[in-house]
Amino acid sequence: MVMLGNRTDVEEALEGRLATDPRRINVAISPDTVRALERLIECEDVTLTEALRRLVGYGDFVYRAMRDRGEQLFLTGPDGPREVVLL
């Protein structure tokens with residue numbers, strides 16, 4: 001069973017579904033998240049759904065690398081490398 005806080009209606013709706021089945025969710029997002037999605041939509045010429053998929057995928061990749069595998073992430077730019085730290 002997927003635990004989603006005290007939302008037993010959502011938990012019951014998700015039971016028995018394959019992990020690969022698409023799901024619809026309604027969420028409230030911050031203005032910063034809206035801007036991140038809009039930036040990706042504009043720069044990559046993708047739909048809102050695709051922008052959300054990509055950003056969640058990027059975040060999951062970084063999260064798993066750092067939390068599950070204990071790896072460090074560094075970004076290198078004109079000012080040199082800097083470490084990315086998850087809080």
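Small disclaimer: the values here were computed from a predicted structure and weren't measured. FYI, side chains are in, hydrogens and waters are out, and symmetry mates aren't considered; it's all heavy atoms of this structure.
In this structure, Arg53 CZ and Leu48 CG are separated by 10.0 Å, a value rounded to the nearest 0.5 Å. How far CG of Leu37 is from CG of Asp32: 11.0 Å, rounded to the nearest 0.5 Å.
Remark: Asp60 CG is packed, more than 12 non-hydrogen atoms of other residues, nucleotides or ligands lying under 6.0 Å away. The local environment of CD in Glu71 is crowded, with over 12 non-hydrogen atoms from other residues, nucleotides or ligands closer than 6.0 Å.
The hydrophobic cluster containing Phe74 does not contain Val62, counting ILVMFWY residues as joined when their side-chain heavy atoms lie under 4.5 angstrom apart, directly or transitively. Val46 is not connected to Leu52 by any chain of hydrophobic side-chain contacts under 4.5 Å among Ile, Leu, Val, Met, Phe, Trp and Tyr, and they are in different clusters. Under the 4.5 Å side-chain heavy-atom criterion for grouping Ile, Leu, Val, Met, Phe, Trp and Tyr, Tyr63 is not connected to Val27 through any hydrophobic cluster.
For the pair Glu38 and Arg35, the salt-bridge criterion is not met [side-chain N within less than 4.0 Å of a carboxylate O].
The side chain to side chain contact (heavy atoms under 4.5 Å, CB included) search around Tyr58 returns Arg54, Leu55, not counting sequence neighbours.
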